[in-house]
> 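Right, I'll just put the structure down here and ask away after.
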Amino acid sequence: MKFFIDTANIQHIQEADSMGILDGVTTNPSLIAKEGIKDYKAHYKTICNILGKRPVSAEVIATDTEGMIREGSDLASISENIVVKIPLTKNGIKAIQYFAKQGIKTNCTLCFSATQALLAAKAGAVYISPFIGRLDDISHEGMQLIEQIRTIYDNYDFETQILAASIRHPVHVLQSALVGADVATMPFSVIEQLFHHPLTDIGLEKFLADHKKNSQ
Ligand code: G3P
């Protein structure tokens, strides 16, 4: 399972990268705005330089197909590792088809149903981003969506990768791994939470105390 970080914060990207478990980065317009980034192309370039060949999702703002194609082509020209992130609308699906034919990778975002995910796969999206946390927020089980997409993609051998998004806590990561999501993109705070277990801390403390006693 690949781990992506869902942020535009350079410090967090660098720190996650230093952990040696980072496979890519996803951003969205809200995350870019949160960091107050105005020159977003320069910012994506900086992220791409940190990531080397690993994928970096950069989202279009346009909502018409031509605008998405124009903007997405511009984003793709920043670096080879840019994945153009496109919302799951009728216009978006058309743009994804265009990019698939050009060999430009896309991440189809704002997916909330398995039939939407089927459309994205048929259009040739490289990633589909089901938003599990936002479904949980409205009393729908987000994880069921990941399971349904997994079944459908396996039934028809679609190569589109399931990128579990809108992850809020480590249990989302656990469940995504259990149902076979290809990727989980998570905030820095969730990556950090994955490391912690109170029994690890207690166990380490005891090992060190015993070692100290034995060395006296
Ligand atoms: O990047 C898309 C997704 O991960 C957003 O998450 O927490 O805003 O629902 P959230």
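Since the structure is predicted, the reported quantities are computational estimates derived from the model, not experimental observations. Start at 1 and go down the list; that is how both ligands and their atoms are numbered.
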> Would you find a donor on one side and an acceptor on the other, under 3.5 Å apart, between the side chain of Asp23 and the backbone of Phe3?
yes
> Can you tell me how the ring of Phe112 sits relative to the ring of Phe131, calling it parallel under 30°, perpendicular over 60° and tilted otherwise?
perpendicular
> Donor-acceptor pairs are to be reported for all side-chain atoms of residues 25-32 against protein atoms at under 3.5 Å, with residues two or more places apart or in another chain.
{"from": "Thr26", "atom 1": "OG1", "to": "Asp6", "atom 2": "OD1", "distance (Å)": "2.7"}
{"from": "Thr26", "atom 1": "OG1", "to": "Thr185", "atom 2": "OG1", "distance (Å)": "2.5"}
{"from": "Thr27", "atom 1": "OG1", "to": "Ser57", "atom 2": "O", "distance (Å)": "2.7"}
{"from": "Asn28", "atom 1": "OD1", "to": "Ser30", "atom 2": "N", "distance (Å)": "3.0"}
{"from": "Asn28", "atom 1": "OD1", "to": "Leu31", "atom 2": "N", "distance (Å)": "2.7"}

> For a quick check: using heavy atoms under 4.0 Å, what are the residues in contact with ligand 1, sorted by chain and number?
Asp6, Asn28, Lys85, Phe131, Arg134, Ala165, Ser166, Arg168
> If you look only at distance, which donor and acceptor atoms sit under 3.5 Å apart when one is on a side chain in residues 201-216 and the other is two or more places apart or in another chain?
{"from": "Lys206", "atom 1": "NZ", "to": "Asp210", "atom 2": "OD2", "distance (Å)": "3.0"}
{"from": "Ser215", "atom 1": "OG", "to": "His211", "atom 2": "O", "distance (Å)": "2.4"}

> Checking Asp137 now: which residues fulfil side chain to side chain donor-acceptor pair (under 3.5 Å) with it, not counting sequence neighbours?
Arg168
> Would you please classify the geometry between the His169 ring and the His172 ring as parallel, tilted or perpendicular, with 30° and 60° separating the classes?
parallel
